[in-house]
Amino acid sequence: MKIIDLRSDTVTLPTPAMREAIYRAELGDDVFGEDPTVNRLEKMAAERVGKEAALFVASGTMGNLVCVLTHCARGEEAILGNQSHTFLYEAGGMSALGGIHPHTIRNQTDGTMRLEDIKAAIRDDSAHFPRTRLICLENTHNRCYGAALTPEYTDAVVTMAKKRGLLVHLDGARVFNAAVALGIDVRKLTRSVDSLSFCLSKGLSAPVGSVVCGSSEFIAEARRTRKVLGGGMRQAGIIAAAGIVALQQMVDRIAEDHKNARRLAEGIARIHGLSIDPERVQTNIIYFEVATDRLTADKLVTELSKRGIKILCVGPSRLRMVTHYGISSEDVDLALAALDEVMANV
Ligand SMILES: Cc1ncc(COP(=O)(O)O)c(C=O)c1O
């Protein structure tokens with residue numbers, strides 16, 4: 001049976017060009033700064049997002065953690081969205097390892113936090129309070145339907161942060177999805193932030209890795225933090241090689257994932273017993289609800305898996321699908337046909 005895996009864009013397998021690049025990668029000891037492939041990837045990544053320097057890390061979680069630990073000292077505070085990946089799904093790393101106090105603010109449905117809410121959350125200078133040091137944004141916003149934050153919004157947050165002497169980090173795990181969806185150069189989304197982390201192993205289909213980007217001074221410190229976390233990898237060019245192919249060949253094709261996601265969402269909207277707002281689907285992430293009490297989200301996942309369609313249950317009636325490299329327009333038709341069949345029989 002053909003398996004169509006729509007659980008996440010992290011399930012992507014490396015392309016033939018990536019496997020070839022991995023095979024041929026020139027290697028060295030990256031902790032000595034001597035892996036030419038890692039050095040090439042870091043240079044390419046920094047240029048691509050308009051920053052001075054970059055650092056290859058093992059994962060998006062490590063990328064965010066390296067940045068937050070580098071920006072903040074123990075007892076300081078980071079403001080972030082209550083739906084943000086860093087707050088919800090990164091094992092509380094900032095507090096567990098850094099003694100950093102997360103201060104959450106409500107995410108709006110478009111992935112933003114209201115400027116007035118951020119302003120109100122910034123602490124006055126008082127011995128009673130933790131010191132606010134950092135604001136974290138997420139683009140695209142995973143839990144908010146893969147919403148793309150605009151350059152105007154990002155710049156407005158940074159301008160406000162600068163006025164209060166604060167730093168801004170961007171969890172840009174899928175920042176290239178945002179740039180493609182908005183039809184802009186990714187630098188517009190990264191130009192004003194102090195640091196960002198983006199993932200090679202999601203929509204860009206590399207098997208492993210993320211890149212942290214920022215000023216040369218920041219990256220030098222971040223390199224120390226990565227070492228503390230045990231993230232100094234030796235002949236890491238073996239995986240960085242795939243990351244180079246990802247940046248060179250896999251960015252523009254993301255538009256196809258967005259088209260497939262929209263078509264899936266429009267198809268779901270036509271199926272009785274399911275509920276979705278297809279207009280909210282701007283990138284490759286779709287959330288929808290089971291809108292009948294004759295079926296739970298869990299049961300829908302089970303029924304679909306019997307038909308070779310894998311999707312994720314994220315609540316009693318809530319489900320998620322993510323399109324990616326390896327999911328074709330025919331796969332979208334097959335997934336919709338399976339959904340139709342299950343829903344017609346409940
Ligand atoms: C928005 C966002 N940030 C960070 C991460 C963490 O990435 P990783 O799974 O590589 O640790 C994810 C993973 O899905 C994510 O969606």
Side-chain angles (χ1 to χ4, degrees), residues 5-14 41 45 49 55-69 78 80-94 96-97 102 104 107 110-113 134-149 154 168-181 186 189-190 193 195-213 225-226 229-231 233 236 239-240 242-243 246 250 254 257 261 281-287 310-312 314 320-325:
D5 195 341
L6 293 160
R7 288 170 304 165
S8 173
D9 48 9
T10 54
V11 301
T12 46
L13 296 175
L41 171 65
V49 301
L55 180 71
F56 186 45
V57 293
S59 65
T61 301
M62 183 183 275
N64 288 328
L65 185 57
V66 160
C67 291
V68 176
L69 293 180
L80 72 175
N82 66 343
Q83 296 299 314
S84 66
H85 193 277
T86 301
F87 179 62
L88 292 174
Y89 301 118
E90 295 175 18
M94 71 168 75
L97 303 185
T104 54
N107 276 118
D110 63 0
T112 61
M113 296 174 278
L134 183 68
I135 299 169
C136 299
L137 301 176
E138 182 176 315
N139 198 8
T140 62
H141 201 292
N142 183 337
R143 290 269 297 183
C144 296
Y145 275 64
L149 304 183
T154 309
V168 178
H169 169 67
L170 173 66
D171 175 357
R174 297 183 182 81
V175 74
F176 287 101
N177 290 82
V180 167
V186 71
L189 298 170
T190 57
V193 298
S195 63
L196 73 135
S197 162
F198 73 82
C199 292
L200 297 161
S201 60
K202 300 197 165 59
L204 303 185
S205 309
V208 187
S210 291
V211 188
V212 165
C213 304
T225 312
R226 184 187 69 172
L229 297 175
M233 299 180 282
I239 47 178
M250 303 301 282
I254 284 175
D257 301 338
V281 179
Q282 297 171 31
T283 60
N284 67 333
I285 300 180
I286 298 164
Y287 288 94
K310 292 184 172 183
I311 72 171
L312 211 61
V314 292
R320 189 184 86 164
M321 290 183 178
V322 184
T323 54
H324 49 79
Y325 170 69

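Whatever order the structure lists ligands and atoms in, that order sets their numbers, starting from 1.
- Between the side chains of N284 and D9, at least one donor-acceptor pair of N or O atoms lies under 3.5 Å.
- At a 4.0 Å heavy-atom cut-off, the residues surrounding ligand 1 are S59, G60, T61, N64, H85, E90, E138, N142, D171, A173, R174, K202, listed by chain and number.
- Residue pairs meeting the side chain to side chain donor-acceptor pair (under 3.5 Å) criterion with at least one partner in residues 202-211, sequence neighbours excluded, do not occur; the list is empty.
- For L69, the side-chain contact (heavy atoms from CB on, under 4.5 Å) partners are L65, I100, T225, L229, not counting sequence neighbours.
- G81 and F87 make their closest contact through O-CB, 3.8 Å (heavy atoms, listed as atom of the first residue, atom of the second, distance).
- Ring-plane geometry between Y287 and Y145 is classed as tilted, the angle between the planes lying from 30 to 60 degrees on a 0 to 90 degree scale.
- Not counting sequence neighbours, the partners of Q282 by the side-chain contact (heavy atoms from CB on, under 4.5 Å) test are A147, A148.
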